[in-house]
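Here the structure comes first, spelled out in structure tokens, and everything after it is commentary.
Each chain gets a letter, A, B and so on, in the order its sequence line appears, and its residues count up from 1.
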2 protein chains.
Amino acid sequence: MTNSCSKEAVILYKLHFLNKEISSKFEGCTGVSQSRLELLHHLYQVDEVSQKALQQVMNIDNAAITRHLKQLEAKEMIVRRKKPSDNRITLVSLTDEGRQKISSYQEEKQRFVTSILKGFDEKELDVLLDILNRIKNNIKEV
Amino acid sequence: MTNSCSKEAVILYKLHFLNKEISSKFEGCTGVSQSRLELLHHLYQVDEVSQKALQQVMNIDNAAITRHLKQLEAKEMIVRRKKPSDNRITLVSLTDEGRQKISSYQEEKQRFVTSILKGFDEKELDVLLDILNRIKNNIKEV
DNA sequence: CTAATATAATTGATGTATCAAATATTGATG
DNA sequence: CATCAATATTTGATACATCAATTATATTAG
């Protein structure tokens with residue numbers, strides 16, 4: 001892959017590779033997947049949300065939300081109830097146990113991310129953030 | 001996700017998000033997944049390889065290789081045969097049609113990656129490459 | 001030579017994502 | 001009010017990855 005490819009192609013390849021590695025290690029270190037923790041993080045910041053709202057903020061498929069929540073419900077980390085004023089809508093909220101558990105996940109995550117970005121100073125982090133934002137904007141136009 | 005998080009955590013999140021977007025658009029633009037094209041690219045550069053060797057260079061699970069190849073074989077893009085001197089080993093090679101098709105995939109990929117990295121000059125690409133390499137090295141030690 | 005071990009590939013179970021179709025409920029219109 | 005359209009969620013089919021167990025073959029030690 002490294003030879004006979006444009007520099008851009010190598011970057012794309014490395015991004016892909018990196019992400020696979022990160023996802024795998026993330027789960028190993030924190031005990032939860034990135035997506036799952038992101039979902040929990042959103043719930044952490046509110047009292048109650050509809051699945052629809054969750055789905056939109058997470059930019060993930062409806063079906064995936066349903067399935068995540070089903071599992072989290074089974075583990076008693078969240079509760080769901082129908083919105084009284086509109087029975088189409090399901091409202092989701094964390095249980096107390098859920099809320100507690102997230103704190104420790106977040107700590108693990110912070111430890112993880114610090115080690116991944118070890119050796120980067122503030123200025124470099126900003127450069128990287130800027131790069132990621134620019135790529136994100138480029139993607140939107142594809 | 002953007003609030004109440006360390007800069008590092010935001011970067012991790014954005015990397016994750018970016019990759020999801022890229023994967024999705026990549027497939028839409030090129031008609032093939034990143035992994036699949038990477039596999040084909042490796043095959044493109046050699047005459048014949050064992051599945052084992054493919055698996056190692058791609059850093060992907062054995063089972064995933066088997067299943068990719070099964071599909072590619074069904075589409076007549078590759079052929080497989082047992083290595084005569086060791087029947088445990090399966091050797092894989094592209095068909096002529098496979099070889100042709102890859103060329104057009106690669107063109108699409110180049111178009112795609114160029115648009116994703118639009119606005120980045122040579123020096124910035126090097127900076128990004130360097131960053132990705134450093135992160136990769138950090139991950140190895142986690 | 002035969003039993004134990006190692007290697008390569010495959011298969012089955014599982015996790016997480018997608019899309020498309022089905023279901024339930026609400027709202028709006030003739 | 002009856003029907004039709006819109007909205008939220010769920011389910012089923014598919015894709016692609018993992019791990020663990022299985023199969024087939026080769027190698028090695030006794």
Does E48(A) pair with R81(A) as a salt bridge, N-O distance under 4.0 Å? yes
Once salt bridge (charged side-chain N to carboxylate O under 4.0 Å, His left out) is applied, do any residues pair with R99(A), and if so which ones, sequence neighbours excluded?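 Residues passing salt bridge (charged side-chain N to carboxylate O under 4.0 Å, His left out) with R99(A): none at all.
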Could I get the full list of ring pair (Phe, Tyr, Trp, His ring centres under 6.0 Å) partners for F120(B), not counting sequence neighbours?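 For F120(B), no residue satisfies ring pair (Phe, Tyr, Trp, His ring centres under 6.0 Å) once neighbours in sequence are set aside.
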In chain order, what residues pass the side chain to side chain donor-acceptor pair (under 3.5 Å) check against E97(B), with sequence neighbours excluded?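 Scan of E97(B) (side chain to side chain donor-acceptor pair (under 3.5 Å), adjacent residues dropped) gives none.
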By side chain to side chain donor-acceptor pair (under 3.5 Å) - contacts of R36(B) (at least two apart): H68(B), Q71(B)
Could you give all pairs that pass the side-chain hydrogen bond (donor to acceptor under 3.5 Å, both in side chains) test and reach residues 49-58 of chain A, with sequence neighbours left out?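 side-chain hydrogen bond (donor to acceptor under 3.5 Å, both in side chains) check on residues 49-58 of chain A returns Q51(A)-R80(A), K52(A)-Q55(A).
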Atom-pair distance (CD on E38(A); C1' on dT16(C)), nearest Å: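 Value for this atom pair: 14 Å.
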Please tabulate, for side-chain N and O atoms in residues 84-91 of chain B, each donor-acceptor pair with protein atoms closer than 3.5 Å (sequence neighbours left out).
| residue | atom | partner | partner atom | Å |
| --- | --- | --- | --- | --- |
| D86(B) | OD1 | R88(B) | N | 3.0 |
| D86(B) | OD1 | R88(B) | NE | 3.0 |
| D86(B) | OD2 | R88(B) | NE | 3.4 |
| D86(B) | OD2 | R88(B) | NH2 | 2.8 |

Which pairs, protein N/O on one side and nucleotides 1-6 of chain C N/O on the other, fall under 3.5 Å?
none

Going by the rule side-chain contact (heavy atoms from CB on, under 4.5 Å), which residues pair with D47(A) if we only count those two or more places apart in sequence or in a different chain?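 side-chain contact (heavy atoms from CB on, under 4.5 Å) list for D47(A), sorted by chain: empty.
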So which of residues 56-71 of chain A are in contact with DNA chain D, with a heavy-atom cut-off of under 4.0 Å? N62(A), A63(A), T66(A), R67(A), K70(A)
Looking at DNA chain D, which of residues 77-87 of chain B put a heavy atom within less than 4.0 Å of it? D86(B), N87(B)
Supply the members, apart from V79(A), of the Ile/Leu/Val/Met/Phe/Trp/Tyr cluster built from side-chain contacts under 4.5 Å; use none for a lone residue.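 Traced through the cluster, V79(A) reaches no other member.
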Any pair with a residue in residues 79-106 of chain B that passes ring pair (Phe, Tyr, Trp, His ring centres under 6.0 Å), sequence neighbours left out, goes on the list, sorted by first then second residue, please. none
Under 3.5 Å for both donor-acceptor distances, Watson-Crick or wobble: does dT5(C) have a partner, and if so which one? dA26(D)
Below the 4.0 Å mark, does dT18(D) have OP1 or OP2 next to a side-chain nitrogen or oxygen of S24(A)?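 For dT18(D), neither OP1 nor OP2 has a side-chain N or O of S24(A) closer than 4.0 Å.
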